[in-house]
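The block underneath contains the structure these notes are about, expressed in structure tokens.
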Number of protein chains: 2
Amino acid sequence: MRRDVFQAIADPTRRAIMALIAMQAMTPNAIAEHFDTTRQAVSKHLRILTECELITQEQQGREIYYQLEIEKMKEIDKWLEQFRAIWEKRFSQLDQLIATIKKQKKA
Amino acid sequence: MRRDVFQAIADPTRRAIMALIAMQAMTPNAIAEHFDTTRQAVSKHLRILTECELITQEQQGREIYYQLEIEKMKEIDKWLEQFRAIWEKRFSQLDQLIATIKKQKKA
DNA sequence: TATATTTGAAACCAATTGGTTGCAAATATA
DNA sequence: TATATTTGCAACCAATTGGTTTCAAATATA
């Protein structure tokens with residue numbers, strides 16, 4: 001079974017769960033209340049997110065609090081870097097072009 | 001059919017294709033040569049990437065050159081921003097903590 | 001013009017996915 | 001102790017996915 005961050009964030013419900021618990025940890029029941037699906041469906045999403053270490057859990061009595069593992073998100077950021085390098089390069093090239101045009105106008 | 005950037009980048013072959021054509025446009029045949037799968041499988045990936053506007057094509061005779069639409073990548077970057085805000089906040093809090101400890105050491 | 005090359009599209013297939021229902025385990029409460 | 005709550009897990013199901021084979025269209029070349 002393939003289990004990585006990219007596959008995890010492919011599902012819109014999972015992205016919504018991530019955004020929901022980003023600021024504060026929540027229990028599965030509390031999370032499920034925010035969605036139209038059943039608790040079990042949310043539970044499966046939480047399992048997938050846990051498997052790829054995007055969230056961690058903390059047991060408190062019979063309740064389990066899930067929280068976002070923000071460090072893991074940097075993996076996506078790191079992958080994006082190679083492309084960010086390209087668009088920043090293009091931007092600076094555009095910048096130079098504008099500078100050249102301005103120079104020509106002055107002359 | 002759900003067709004968005006997040007679903008598109010979920011597949012490792014598609015991510016590899018994106019990285020491959022990021023610097024220069026390539027034909028489906030040329031792209032397929034870099035992978036173990038058939039040309040048709042690559043073609044299907046190209047279709048999916050095209051449908052969510054992550055790549056664009058340019059016909060040259062009977063060849064079609066595919067290139068990465070780097071602007072579309074910013075959509076992922078934009079989504080990441082909400083989480084980046086969190087980790088930068090945590091970093092600055094850590095920064096403050098270190099500063100406080102240093103202060104205490106001096107005193 | 002006949003043939004080869006490049007490509008997309010359709011039909012099909014096995015594996016995976018997101019979802020459901022039902023159940024058992026653990027913890028809290030009466 | 002008996003009951004209620006919170007939760008994960010297994011079994012099952014329809015839809016989607018990534019892949020294959022086959023075919024047709026368009027363009028280049030002999």
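Below, chain A is the first sequence line, B the second, and so on; all start at residue 1. Not measured: the values here are computed from a predicted model.
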Would you say [X] reaches [N]'s phosphate, i.e. side-chain N/O to OP1/OP2 under 4.0 Å?
X: A/His45; N: C/dG19; answer: yes
X: B/Thr38; N: D/dT20; answer: yes
X: A/Gln7; N: C/dT17; answer: yes

*For B/Gln59 and B/Gly61, indicate whether the former's side chain and the latter's backbone hold a donor-acceptor pair under 3.5 Å.*
yes
*Within the distance-only criterion (no hydrogens, no angle test), does the side chain of B/Thr50 pair as donor or acceptor with the backbone N or O of B/Leu46 below 3.5 angstrom?*
yes
What is the distance from [atom1] of [X] to [atom2] of [N], rounded to the nearest Å?
X: A/Phe35; N: C/dT20; atom1: CZ; atom2: P; result: 13 Å
X: A/Phe6; N: D/dG18; atom1: CZ; atom2: P; result: 15 Å
X: A/Leu49; N: C/dG18; atom1: CG; atom2: C1'; result: 13 Å
X: B/Gln59; N: C/dT7; atom1: CD; atom2: P; result: 9 Å
X: A/Asp4; N: C/dT17; atom1: CG; atom2: C1'; result: 14 Å
X: B/Ile55; N: C/dT7; atom1: CD1; atom2: P; result: 13 Å

_On a heavy-atom basis, which atom in B/Ala16 and which in B/Phe35 lie closest, and how many Å separate them?_
CB-CE2, 3.4 Å
Give a yes or no on whether a salt bridge exists between [X] and [Y], defined as a side-chain N under 4.0 angstrom from a carboxylate O.
X: B/Arg47; Y: B/Glu51; answer: yes
X: B/Lys72; Y: B/Glu75; answer: yes
X: A/Lys78; Y: A/Glu81; answer: no

*No-hydrogen, no-angle side-chain donor-acceptor test under 3.5 Å, A/Thr27 and A/Glu63*: no
*Can you name the ring pair (Phe, Tyr, Trp, His ring centres under 6.0 Å) partners of A/Tyr66, sequence neighbours left out?*
none
*asked:* Membership question, hydrophobic clusters at under 4.5 Å side-chain separation (ILVMFWY): are A/Leu20 and A/Ile48 in the same one?
replied: no
*Could you give me the stems involving DNA chain C, meaning stretches of three or more consecutive Watson-Crick or G-U wobble pairs whose two defining distances are both below 3.5 Å?*
C:1-30 with D:1-30
*Using a cut-off of 4.0 Å between protein heavy atoms and nucleotide atoms, how would you tag nucleotides 6-11 of chain D 5' to 3' with B, S and -?*
SBBB--
